[in-house]
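Everything on this sheet refers to the single structure shown next.
Because only heavy atoms are used, hydrogens play no part in the values below, and waters and symmetry mates are left out as well, while side chains stay in.
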Amino acid sequence: MAVDKMVEEIDRKYERLLSQRSNWDSHFQELGDYLLPRKADITKKRMQGAKRTDRIFDSTGIHAVELLAAHLQSMLTNVSMSWFTMGFRDTELAVDNEANRWLQDCTKLLDKAIDRSNFSLEIHELYFDLVVFGTGCLFIEYKEDGLHYSARHISELAISSNDKSQIDTVYRCFKLTARQIAQKFPDVALPDRVKKDLEHEPYNEHEIVHAVYPMTDMKKSVFNKPIMSCYYHKDSKTLLGRGGYDEFPFCVPRFNLDSTSSMGFGRSPAMTCLADVKMVNKMSEVSIKSAQKQLDPPLMCPDDGFFSPIRVTPGAINFYRAGTRDRLEPLQAGTNNPIALNMEEQRRQAIRNAFYIDQLQMQESPQMTATEILARQEQSLRSLGSVLGRLQHELLQPLIQRSFKLMLRNGEFGVPPEKLQGQNIDIEYVSPLAKAQKGMDLQSTMRGMEIVGGLSEAFPAIRDFIDEKGLAEYIVEYAGLPAKIVRSDEEVEAMRQERAEQAAQQQQQQEEMMAAEKAQKAAPLLKVMNEAGANVEDVPAA
């Protein structure tokens, strides 16, 4: 089968990116060997089911990776709670009931769609890649049953960033069996080798490359899409599929950005403490050997005093020559276990610090109040503030935008109001970590209100400077209160009007009761006065 010229050009660019990431590969392999053995297939290719922990003597780093990945998922994208909301950037639409009602319904549908999908499984794998390799990759697409997410391994990727340090090019090389290739590309003329395997060895694997990159000239795109997509068979350079995307389908977040890398790979906490991880593994290996020597020490035997063989099993009997004073003695290694254990613990603590374990697992004491516990938790979460900003920009925002647009184009949200065409939507994050970042502002506000409340006794007019409506909106926004428990402006105004009418009615009733009470008290006096007046009239004049 003839080689496709376009595929040949794409493959040349792919090979160029692969050559640039060769140094990264050796680094990734070492990180996987010590901190994520189940994903340590970068330069080493192991058989499925092969042992992967042959270099591990201490699992502190592995547990630290698991804890940080689990905490990131629970604090950023916990599917058991709402972790994002959406609102209009336009101030007029922000107070438009029809527009807000439609957007709130879309937010609920999107939240349910993400919850029903495989998002929770795949995002957890992405956090592992992010924590260990510094770079994660999540592919987002729409299938028959809805949204579908796929976390891709770092070994499959060759990436490149634009002048804004944003990843806009992804070449992904993965393996499919001949049977899977025929199922995925049913309407394409398959390469000869795939056809042959399909008849005789359908489970033989073949390398497939998926190239996704921006179109520099829209006129050259037959699909009129800004993002180009191309699948091809790696060995034969045969085109298997070609298309386009309306937006970039990959989310490629970095834990920390490596400004010296033109490819765009990131740096991770695992890279920071890799030396400590290797050191504590080596120290643990030596400590194990030292303990073995102490518990089962080598024996010092005279060269001619005992009859061989020397037996060291429990209850064994050894024979020595009569009259000799030679004895079997253990070799004293003279090791200092406390020093070794102390040095190991220092390295373990350095690993925990690199993965924020002490901040995330705050120790609580019975003497701590609930307020103090919440304050310490927020302070611990704020230590990840720098990470939060990057993940919001490179993971959460493109993830929500891509998922929203996929559902919109597939009719999941219905027809939007005409006035919303071309309007921008802002994303607000309400995850525990995002709330913790805003907690300091909220605490400062509440502290200010306490000061105003204390001064209002001496200066009552100081309360006039506080806008109650603005304060309520600020608390709702920064505390992340759900929309279903917050009343709209119309409902608040109706309640206030109802309260005013009730107050006026009660005032009128009180006035009527007071008037009736006065009339009741005045009635006996009027009667006496009337009777007195009548008696005066009956008295004859003198």
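Crowding of Met279 atom CE: a count of heavy atoms from other residues, nucleotides or ligands under 6.0 Å not exceeding 12. By the neighbour-count criterion of 12 heavy atoms within 6.0 Å, atom CZ of Arg496 is sparsely surrounded, having that number or fewer from other residues, nucleotides or ligands. When the shell of 6.0 Å around CD of Gln507 is examined, it contains more than 12 heavy atoms from other residues, nucleotides or ligands.
With hydrogens and angles ignored, the 3.5 Å screen pairs a side-chain donor or acceptor of His153 with a backbone N or O of Lys39. Using a distance-only test at 3.5 Å, with no hydrogens or angles considered, no donor-acceptor pair links the side chain of Arg152 to the main chain of Leu157. Distance alone, capped at 3.5 Å, places no donor-acceptor pair between the Asp115 side chain and the Asp111 backbone. The backbone N or O of Met271 sits less than 3.5 Å from a side-chain atom of Ser268, completing a donor-acceptor pair. At least one donor-acceptor pair closer than 3.5 Å links the side chain of Asn410 to the backbone N or O of Leu406. Checked by atom type and distance alone, the side chain of His71 pairs as donor or acceptor with a backbone atom of Leu67 at under 3.5 Å. Of the possible polar contacts, one joining the Glu122 side chain to the Ala151 backbone as a donor-acceptor pair under 3.5 Å is found.
Between Glu66 and Tyr127 the shortest side-chain heavy-atom distance does not fall below 4.5 Å. Contact check for Gln401 versus Ile427: side-chain heavy atoms found under the 4.5 Å cut-off. Contact annotation: the side chain of Thr77 approaches that of Leu396 to within less than 4.5 Å [non-hydrogen atoms, C-beta and beyond].
Tested against Ile123, the residues Val79, Leu72, Leu76, Leu395 include a single side chain to side chain contact (heavy atoms under 4.5 Å, CB included) partner, Leu395. Applying side chain to side chain donor-acceptor pair (under 3.5 Å) to Tyr149 and the options Ser117, Ser403, Ser120 leaves one that passes, Ser403.
Atom CG in Asp426 sits 10.0 Å away from atom CG in Leu103 (nearest 0.5 Å).
Tyr245 pairs by the side-chain hydrogen bond (donor to acceptor under 3.5 Å, both in side chains) definition with nothing, not counting sequence neighbours. Listed by chain and residue number, Ser165, Arg254, Arg390 satisfy the side-chain contact (heavy atoms from CB on, under 4.5 Å) test with Leu257 (two or more places apart in sequence, or in another chain).
Between Asp358 and Arg352, no side-chain nitrogen of the basic residue sits less than 4.0 Å from a carboxylate oxygen of the acidic one, so the salt-bridge criterion is not met.
For Phe128 and Phe133, the gap between ring centers reaches or exceeds 6.0 Å.
Trp83 and Phe119 have parallel rings, their planes meeting at less than 30° on a 0 to 90° scale where 60° marks the start of perpendicular.
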